[in-house]
Amino acid sequence: MEDFLSRLIGRKLDVYCAGGSSLRGEVLKVEMGVLHLRDADGKNCYIAVDKIVVVWEARDDEHRAGFVPAPNTK
């Protein structure tokens, strides 16, 4: 998994972890079993690689799986 994630450095990912946590960010690096991400606000996040269940490339829009934005009624 670390080798796979290392090939995604610089890409924006959605990461789903055991326990139901979902994170989005740009891959900075992967080392010693830890994935380093930077979110849209510039904050860094560190994820244990062995807790990752699913990874997919994030789309450019803000739509997240399972959530549909409410229509603008104004």
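Here the options are V55, L35, V15, the test is side-chain contact (heavy atoms from CB on, under 4.5 Å), and the partner is V27; only L35 passes.
Tracing side-chain contacts under 4.5 Å through hydrophobic residues (I, L, V, M, F, W, Y), one reaches L23 starting from I52; they form part of the same cluster. Under the 4.5 Å side-chain heavy-atom criterion for grouping Ile, Leu, Val, Met, Phe, Trp and Tyr, V49 is connected to I47 within one hydrophobic cluster.
Among residues two or more places apart in sequence or in another chain, the side-chain hydrogen bond (donor to acceptor under 3.5 Å, both in side chains) test is passed with E26 by none.
Membership of the apolar cluster around Y46 extends to V34, as traced through chained side-chain contacts below 4.5 Å between ILVMFWY residues.
In terms of heavy-atom proximity, V53 sits nearest to C17 at CG2-C, 3.8 Å. Residues R59 and R24 share a closest heavy-atom pair of O-NH1, 4.1 Å. The two residues I9 and K29 make their nearest non-hydrogen contact at CD1-CA, 4.1 Å.
When atom types are taken as modelled, the side chain of D41 and the backbone of K43 share no donor-acceptor pair closer than 3.5 angstrom.
Taking 4.5 Å as the limit, some side-chain heavy atom of E57 sits within range of a side-chain heavy atom of L13.
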